[in-house]
Protein chains: 2
Amino acid sequence: MNIYDIAKIAGVSHTTISRVINSKPGVKEETRERILKILDEYAYFPNSCAKGLASNKNKIIGILLIDVRNSHHTDTAFYIEESFAKLGYASIIAACGWDDSMQDEYLRVMASRNVEGLVLIGSRFQNDNAQKSIKKYFNDKPVVIANGYLPLDNVCGVLLEERKAVSQVVDHLVGKGHRNLAFINDNCTVSANNKQQGFLDGIQKNDLLWNEKNILDIHTRYYVSKEETEKLLREKPEITAIIYSEDILAVGGIKACYSLGLKIPEDISIIGFNDSIYSDISTPTITTIDNRTHDTGEYCSKALHSMLNGETVEPVYHLEPTFKIKESSL
Amino acid sequence: MNIYDIAKIAGVSHTTISRVINSKPGVKEETRERILKILDEYAYFPNSCAKGLASNKNKIIGILLIDVRNSHHTDTAFYIEESFAKLGYASIIAACGWDDSMQDEYLRVMASRNVEGLVLIGSRFQNDNAQKSIKKYFNDKPVVIANGYLPLDNVCGVLLEERKAVSQVVDHLVGKGHRNLAFINDNCTVSANNKQQGFLDGIQKNDLLWNEKNILDIHTRYYVSKEETEKLLREKPEITAIIYSEDILAVGGIKACYSLGLKIPEDISIIGFNDSIYSDISTPTITTIDNRTHDTGEYCSKALHSMLNGETVEPVYHLEPTFKIKESSL
DNA sequence: TTGAAAGCGATACCAA
DNA sequence: TTGGTATCGCTTTCAA
């Protein structure tokens with residue numbers, strides 16, 4: 001069933017059908033209504049390929065993730081999917097994983113699908129190779145990065161001030177009397193690095209430079225975090241507060257404290273990052289830095305939508321994470 | 001840059017270019033290599049709309065979810081996305097939410113995008129209206145349902161034997177000496193209903209019919225579960241084991257027990273469902289029923305792939321959940 | 001208010 | 001081993 005079949009049934013030309021489908025003017029109201037009825041009766045919908053080919057717009061956006069196990073990334077993705085669905089766009093969603101070499105591959109796939117715009121979720125897309133690939137495949141199409149930024153004309157990004165946020169948490173802890181802090185970071189991303197810098201800023205500002213050695217880089221798995229935290233606390237029992245770059249790592253920290261017989265928050269304070277459901281599920285609930293997933297998704301949607309409409313958008317939008325005190329800190 | 005531009009550059013006809021792009025025979029090896037070089041140099045990729053229009057295959061599948069907050073559903077979705085990406089398919093992923101009336105809408109959207117096949121994730125798609133919509137929009141295209149089934153020729157499904165699984169858990173608990181059981185269920189889906197039936201089967205088989213009253217239907221939110229569990233245990237302190245239809249609800253149960261000063265598992269056993277990360281994060285870790293997300297995803301992928309290749313697939317594939325004993329039960 | 005015809009960028013058949 | 005041409009189902013311009 002194509003537009004010509006419908007035209008034949010309605011006894012008009014396919015041009016008129018096209019006008020009705022796309023709510024364009026120039027059709028007698030009577031004719032329009034008659035055609036609408038037929039369209040409905042035959043459950044007709046236009047072939048999206050033909051439409052895309054003829055109009056050079058297929059109303060599809062691409063959403064690319066690093067790791068689907070990162071729920072605040074998938075949350076952002078689905079927030080964007082939902083808001084674009086309301087605008088009549090479909091979303092091709094894919095995950096390219098931690099292997100950076102796959103980023104080019106997936107960017108290419110997205111381009112080959114003729115998506116009108118692209119959202120990249122995660123600071124890991126902020127690297128030179130990704131920049132090259134974007135230039136190669138998306139030179140003239142809008143790209144938005146959630147928690148990242150690349151200096152290209154068609155790219156804009158949301159940047160979370162994670163460095164500042166962690167630094168402020170250090171201030172907070174020092175204000176509560178903590179002097180021996182540790183920072184446990186997940187795999188190297190720009191974001192992880194920023195958080196670590198924030199920790200360094202904080203201990204420097206507070207003259208706690210010997211804490212510099214209390215930085216661990218580990219895998220983003222809570223059982224790894226548990227093991228590493230145990231090892232750390234056995235070696236340095238003087239530590240009274242640990243900041244983790246992800247809530248899920250802080251969960252591992254909580255487990256480690258249990259197994260060492262430490263009381264939280266009396267003996268030690270545990271701080272997470274993301275304000276994810278993990279921080280609420282945990283017992284005790286975990287004091288955390290809210291990285292504002294929802295606001296990020298909202299801004300990305302708006303920005304991409306604006307760019308698709310040919311509007312200019314500020315290249316970087318800054319968001320300040322907020323500190324949420326729960327049960328795991330004193 | 002289209003196929004004609006490339007043809008001009010290469011000094012051959014676009015037909016030859018098409019042959020090279022699609023690795024078809026009938027091109028001199030020398031010519032093929034020369035063209036491949038040009039293709040790469042100009043970073044050319046074919047227009048997917050044109051390709052879809054001409055070949056009537058756009059290499060896109062649709063994946064439809066109910067609730068993106070349900071991580072074992074998103075896990076299944078991304079598992080399928082990943083395996084189809086390897087086959088050169090893109091995935092349009094969307095969430096239609098709990099409002100059943102949106103299912104028709106989204107099924108229509110998927111059809112209008114000319115997806116070659118569709119995966120529906122969640123037992124909530126197992127209803128008459130969805131069946132009608134599938135018949136209307138997907139009469140001749142393969143559809144796979146994860147955890148559901150509809151009696152249509154082009155539809156196949158994976159069915160988890162949840163009823164049996166819950167019934168067996170009741171047996172297990174009774175075997176451990178429990179006599180007063182409760183069952184806390186989430187919102188009405190076919191799946192939730194199956195689990196509840198399993199509970200009823202179990203208490204019937206074990207002559208514990210008075211437990212029938214200990215069934216609660218609540219919202220799938222852990223804090224709701226916490227409140228409801230507290231209320232239940234205050235009213236009926238004789239209960240020694242509670243089965244929840246989702247891990248996240250069991251987490252609420254754990255929290256409730258804490259606040260009532262009950263020891264887990266000494267005073268009460270808590271059982272979840274899904275073997276999700278929540279069950280491991282919780283302290284104590286939660287004994288749970290593994291609904292085999294990974295196997296489900298794997299089967300859905302294989303089944304859809306087979307159907308896309310014109311092969312016939314068994315309409316229903318049964319999977320048995322497995323019981324995983326962790327710390328929260330005795 | 002309506003319709004005829006060209007064009008979008010591929011595929012595939014048939015002829016050379 | 002190659003290329004010409006029709007075709008897929010739509011949008012859009014121009015003429016009626």
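Values reported hereafter were calculated over all heavy atoms of this structure, with side chains retained and with hydrogens, waters and symmetry mates removed. In what follows, chains are A, B, ... by sequence order, proteins preceding strands, each numbered from 1.
One finds the CZ atom of B/R292 at 4.5 Å from the CG atom of B/L319 (value rounded to the nearest 0.5 Å). Atom CG of residue A/D5 and atom NZ of residue A/K8 lie 6.5 Å apart, to the nearest 0.5 angstrom.
If you measure from atom CD1 of B/I3 to atom C1' of C/dA12, you get 12 Å, rounded to the nearest angstrom. Rounded to whole angstrom, the span from the CZ atom of A/R113 across to the C1' atom of C/dG9 amounts to 15 Å. In this structure, the CZ atom of B/F45 is 13 Å from the P atom of C/dG9, given to the nearest Å. Here the C1' atom of nucleotide C/dT2 and the CD1 atom of A/I17 are 12 Å apart, to the nearest Å. Following rounding to the nearest Å, A/N47 (CG) and D/dG9 (C1') show an atom-to-atom distance of 6 Å. Rounding to whole angstrom units, CD1 of residue A/I21 and C1' of D/dC10 are separated by 9 Å. Following rounding to the nearest Å, B/K24 (NZ) and D/dG3 (C1') show an atom-to-atom distance of 16 Å. Computed from coordinates, the B/N114 CG to D/dG9 P distance equals 10 Å when rounded to whole Å.
Distances were taken from every side-chain heavy atom of B/T16 (C-beta onward) to each of D/dG3, C/dT11, D/dG9; the shortest belongs to D/dG3. The listed nucleotides are C/dG9, C/dA10, D/dT11; the one nearest the side chain of B/L53 is C/dG9. For B/K28, whose side chain is taken as the heavy atoms from C-beta onward, the closest listed nucleotide among D/dT2, C/dT2, C/dT11 is D/dT2. Checking D/dT11, C/dT11, C/dG9 against the side-chain heavy atoms of B/N2 singles out C/dG9 as nearest. The side chain of A/A50 has D/dG9 as its nearest neighbour among C/dG3, D/dT11, D/dG9.
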Restricting to nitrogen or oxygen on both sides, can you table the protein-nucleotides 13-16 of chain D pairs closer than 3.5 Å?
none

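A side-chain donor-acceptor contact under 3.5 Å links B/H72 and B/N291. If you check the side chains of B/Q126 and B/N147, you find no donor sitting under 3.5 Å from an acceptor. Between the side chains of B/D104 and B/Y137, at least one donor-acceptor pair of N or O atoms lies under 3.5 Å. A/N114 and B/S48 share a side-chain donor-acceptor pair at under 3.5 Å.
One N or O donor and one acceptor, one from the side chain of A/H14 and one from the base of D/dT11, sit under 3.5 Å apart. In the interface, the side chain of B/Y4 is not paired with the base of C/dC8 through any donor and acceptor atom under 3.5 Å apart.
When the side-chain nitrogen and oxygen atoms of A/K51 are compared with OP1 and OP2 of D/dG9, none of them lie within a distance under 4.0 Å. At the phosphate of C/dT11, OP1 or OP2 sits under 4.0 Å from a side-chain N or O atom of B/S18.
Each of B/S55 and A/T31 has a nearest nucleotide on DNA chain C; the 5'-most of these lies closest to A/T31.
Classification of the A/Y299-A/Y317 ring pair by plane angle, with boundaries at 30° and 60°, yields parallel.
As judged by a 4.0 angstrom heavy-atom cut-off over every strand, A/N22 is placed among residues touching the sugar-phosphate backbone only.
Residue A/R69 qualifies as open at atom CZ: its count of foreign heavy atoms under 6.0 Å is 12 or below.
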